Amino acid sequence: MLAFILRRLFQSALVLLCVGVIAFALFRLVGDPVNQIVSIDTPFEQRQQIRKDLGLDDPSIVQFGRYLVKAARFDFGISYQFRQPVSTLIGERMPATLELTFMAALLSLVVGIPMGVYTALRRGSFLSGVFMSVSLIGVSLPTFLIAILLRWIFSVHLGWLPSFGRGQVVNLGWWSTGLLTVSGIKALILPAITLGLFQMTLIMRLVRAEMLEVLRTDYIKFARARGLSDRAIHFGHALKNTLVPVITIAGLQLGSIIAFALITEYVFQWPGMGALFLGAVQNVDIPVMAAYLLLVSFIFVVVNLVVDILYAVVDPRLRANMQAA
Amino acid sequence: MLRKVLFAAAAAVALSAASVAVAPASAATLRYANQGDLKSLDPYTLNETTTNAHLGNVYEGLTSRGKDLAIGPGLAERWETPEPTRWRFYLRKGVKFANGEDFTADDVLFSADRVRAAGSNFTTRVPKDAKFVKVDDYTVDVVLSSPNPILNYQWDTWYIMSKKWAEANNAVAPTPASATSPSYASLNANGTGPFRIESHQPGVKTVFKPNPNWRGPTEHNLTEVIFTPINSDATRVAALLSGEVDIIEPVPIQDIQRINSANNVQVLTGPELRTIFLGFDQTRDELLESSVKGKNPFKDAKVREAFYKAIDVEAIKSRVMRGLSTPSALMIAPELFALSKDFTRPKADPEGAKKLLAEAGYPNGFEVGMDCPTDRYVNDGPICQAAVGMLARIGVKVNLNAQPKAQYFAKILKPNGYKTSFYLLGWTPGTLDSHNVLYDIMGCRDDANVARGETNLGGYCNKKLDALTDQILVETDTAKRNQLIKQAFQIGFDDYSYIPLHQQALAWGVAKNVKLVQRADNQVLLYWIKKD
């Protein structure tokens with residue numbers, strides 16, 4: 001098991017290196033950061049001085065090497081826009097993103113799995129039809145449209161929920177949380193629904209399809225023949241066996257909702273890492289972009305690793321394979 | 001089908017909401033959202049409107065600009081010019097910084113050195129060779145090497161810092177835009193202005209509180225100001241409509257009607273000082289992006305005149321800008337030049353334009369590339385598309401390259417060698433004076449080591465205009481100076497050097513219980529805001 005984890009960690013270092021190379025190749029195309037740092041009437045001499053100070057005149061390979069050496073020591077440089085260390089900025093923004101994505105993931109699992117089970121067991125009932133229609137909306141409408149629609153109804157017209165921001169936050173050491181205040185929780189509702197809706201419908205449809213598949217298998221028939229209760233069959237046997245693919249998808253989706261929370265964050269002005277990254281793209285803030293991309297790829301690698309370990313927990317057959325490998 | 005159902009449901013919910021429940025903000029807390037952010041607290045790091053406006057609530061200059069942008073006293077009570085090269089400033093007595101220190105002449109001398117030091121983005125605020133002499137604690141002489149009638153024009157945003165505070169906190173040198181570690185002054189502020197900064201989280205939230213040491217008089221009634229940058233247009237508008245913020249800037253043109261139809265908010269509009277214009281590459285012997293080979297059609301004034309006459313600014317105003325622009329004949333806003341009424345813009349004349357093109361040797365027109373930003377000015381992309389259509393009517397095929405500002409500016413500015421043939425740009429003279437336009441935008445750029453014409457991206461050049469510009473710099477008699485400026489603008493006008501389009505409009509969304517002053521330089525200044 002340990003060897004397996006170590007090998008995966010080594011692979012993740014390679015992944016990060018590749019992401020870094022690709023990112024630096026792309027940064028040449030995003031524009032000149034100096035124009036975004038200073039105003040248009042800044043004299044040419046000052047511009048050149050800033051270019052020189054930032055090391056933008058060096059060849060990309062030199063810039064990349066310098067970046068790697070620093071990044072290895074967890075020094076991600078200074079943001080061009082905010083003139084603060086990137087690690088500080090990301091550290092400040094990370095709690096917001098993680099709380100949002102955690103709530104969205106929780107929502108998608110807590111609501112998605114029961115809905116999937118229900119629609120599989122009670123096919124053709126009216127409520128199943130409603131769930132299936134709702135899921136179609138969740139899958140087909142783009143995030144930003146759902147966000148704007150929800151906000152229009154619940155903040156502008158009804159005035160129940162805030163339209164942007166995080167509300168009042170409480171600092172617990174370095175972690176700022178919005179979960180301890182009423183305004184913080186209210187502020188979380190719309191973004192979490194927006195972000196979680198797609199995952200929720202995905203999980204619901206996945207659970208439904210897997211359940212239908214499993215319910216047809218022989219061991220379920222045998223279980224029925226043995227006279228087990230419906231409850232034991234459905235939840236003890238059928239649901240447990242549908243969970244392997246659900247864990248894979250939910251795990252990978254967790255990575256992607258952390259990474260792609262940026263649209264939701266942008267629309268709700270949620271002060272998280274995604275909004276920071278989008279601002280960085282608009283302003284050619286290369287240090288922030290680079291750090292964010294590395295962080296996101298690292299999160300993906302970790303999530304994949306956790307998913308692999310979870311497999312072993314859920315499916316005993318895999319445990320033997322892993323030890324052999 | 002689903003969409004329809006959904007919208008119907010949404011509409012039903014919206015209609016059934018009998019009343020709009022809005023949590024009332026406590027009376028004197030103002031919530032304000034802007035597209036831009038306060039990018040550095042060090043007042044010499046970044047010369048940019050939103051940052052300058054924010055810091056103007058905390059810091060003060062020797063002069064100030066009033067509600068109509070007229071220059072008035074600031075930290076200097078009054079000033080005089082005993083001789084053309086010597087200015088004497090009498091400082092206000094009894095002024096304290098937010099931390100309680102007294103303001104004296106030493107702070108002015110210190111700020112004059114700091115603003116001109118390496119790393120400052122405001123070096124042009126004070127001439128390099130100007131000497132600051134302390135006469136006594138409350139009198140400062142500025143000795144110049146040549147007369148300068150506009151010496152103090154930008155001093156309202158040359159913010160005076162405390163010498164003692166800077167020395168105590170290791171912030172004597174300005175924080176450069178390229179700083180690799182944040183300085184104390186870029187994270188903290190200590191000014192003499194009516195507000196102080198309570199907390200500042202870049203990109204998230206900045207809280208202002210009244211400065212307890214402010215000398216008064218106090219025109220605002222605010223006890224707290226919470227500033228949030230909100231990038232997304234739709235989010236900003238929704239935040240205003242739902243009553244979560246009291247002021248937003250800017251309001252997208254297409255949302256103005258919707259805001260005005262709500263009952264608790266309104267949009268304030270007014271002309272802005274920025275002039276939007278089109279420019280031509282007039283230097284290269286062959287255009288970079290054109291079907292014409294071996295020569296540059298824009299070197300021929302007739303071609304430029306034809307382009308000028310093909311563009312219908314009134315149509316752009318009514319169709320693209322929804323009435324919110326002021327068509328312009330000059331490269332400077334009428335508010336900033338007393339004699340601007342003497343210039344009128346010729347009417348659009350596509351037929352005449354076609355004839356001119358034929359006379360210049362292009363009866364069938366030609367092809368040319370055009371560079372245009374899409375996220376810098378109000379409706380910049382659509383303006384360019386409209387121009388492309390208008391030029392098509394006279395037979396010119398324009399290949400529009402509309403791009404985000406990050407790529408746009410990287411392509412067309414001096415560091416990349418002005419790689420453009422035809423472009424759209426906007427300009428507000430930093431000094432709010434014509435000299436800046438004549439020097440930066442219309443000056444010849446034949447010497448790469450001189451700053452003249454650095455933003456003259458097409459390289460228009462007329463030596464007569466340059467000679468007048470040099471005279472304008474040192475002429476101290478206002479009437480004479482205005483005549484010289486008029487002559488210079490006339491030359492640029494006759495040469496069809498540029499195609500000025502319009503001044504865009506300011507649009508601020510404001511709750512109806514908030515009274516404020518909308519100044520034409522687009523600065524939202526907290527010290528004039530009253531909230532019921």
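All values derive from a computational prediction rather than experimental measurement. Side chains are part of it too, since the values below use all heavy atoms of this structure and drop only hydrogens, waters and symmetry mates. By convention in this document, chain letters (A, B, ...) are assigned in the order of the sequence lines, proteins followed by strands, and residues within each chain are numbered from 1.
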With a 4.5 angstrom heavy-atom cut-off, which part of [X] approaches chain A: side chain, backbone, both or neither?
{"X": "B/Ala238", "answer": "both"}
{"X": "B/Thr235", "answer": "both"}
{"X": "B/Thr45", "answer": "side chain"}
{"X": "B/Leu38", "answer": "neither"}
{"X": "B/Thr123", "answer": "both"}
{"X": "B/Gln403", "answer": "neither"}
{"X": "B/Leu425", "answer": "side chain"}

Side-chain contact test, heavy atoms from C-beta onward, threshold under 4.5 Å: evaluate it for B/Val207 versus B/Ser199 and give yes or no. yes
Do you know which of [options] has the most heavy-atom pairs with chain A at a distance under 4.5 angstrom?
{"options": "B/Leu46, B/Ile230, B/Thr51", "result": "B/Ile230"}
{"options": "B/Lys405, B/Glu48, B/Gln201, B/Glu454", "result": "B/Glu454"}
{"options": "B/Gly430, B/Pro229, B/Pro176", "result": "B/Pro229"}
{"options": "B/Ala451, B/Ala118, B/Ala234", "result": "B/Ala234"}

Hey, is B/Asp440 close enough to B/Arg452 for a salt bridge, meaning N to O under 4.0 Å? no
Donor-acceptor check, side chain of [X] to backbone of [Y], threshold 3.5 angstrom: yes or no?
{"X": "B/Arg236", "Y": "B/Ala33", "result": "no"}
{"X": "A/Tyr266", "Y": "A/Gly274", "result": "no"}
{"X": "A/Trp270", "Y": "A/Ala96", "result": "yes"}

Nearest 0.5 Å please: distance from the [atom1] atom of [X] over to the [atom2] atom of [Y].
{"X": "B/Ile332", "Y": "B/Ile441", "atom1": "CD1", "atom2": "CD1", "value": "10.5 Å"}
{"X": "B/Leu241", "Y": "B/Ser261", "atom1": "CG", "atom2": "OG", "value": "8.0 Å"}
{"X": "B/His200", "Y": "B/Leu187", "atom1": "NE2", "atom2": "CG", "value": "7.5 Å"}
{"X": "B/Asp433", "Y": "B/Leu438", "atom1": "CG", "atom2": "CG", "value": "8.5 Å"}
{"X": "A/Met273", "Y": "A/Ile258", "atom1": "CE", "atom2": "CD1", "value": "7.0 Å"}
{"X": "A/Leu54", "Y": "A/Gln63", "atom1": "CG", "atom2": "CD", "value": "9.5 Å"}

May I ask you to name which of A/Arg93, A/Arg47, A/Glu45 has the most heavy-atom pairs under 4.5 Å with chain B? A/Arg93
Using a cut-off of under 4.5 Å for heavy-atom pairs, which of A/Gln49, A/Arg151, A/Lys52 has the most such pairs with chain B? A/Arg151
For chain A, which residues from residues 409-419 of chain B have at least one heavy atom closer than 4.5 Å to it? B/Phe409, B/Ala410, B/Leu413, B/Lys414, B/Pro415
A/Phe268 and A/Phe164: aromatic ring centres closer than 6.0 Å? no
Of the non-hydrogen atoms in [X] and [Y], which two are nearest, and what is the gap between them?
{"X": "A/Met132", "Y": "A/Ser135", "result": "O-OG, 2.8 Å"}
{"X": "B/Ser183", "Y": "B/Thr175", "result": "OG-OG1, 2.6 Å"}
{"X": "A/Ser79", "Y": "A/Val288", "result": "CB-CG2, 3.7 Å"}
{"X": "B/Asp37", "Y": "A/Phe82", "result": "OD2-CE2, 3.4 Å"}

Which answer fits A/Gln46, side chain, backbone, both or neither, if we ask what part of it has an atom under 4.5 Å from a heavy atom of chain B? side chain
Does any backbone or side-chain atom of A/Arg51 lie under 4.5 Å from a heavy atom of chain B? Answer side chain, backbone, both or neither. neither
So, B/Asn47 versus B/Arg125: side-chain donor-acceptor pair below 3.5 Å or not? yes
Could you name the residues of residues 188-197 of chain A that have a heavy atom within less than 4.5 Å of a heavy atom in chain B? none
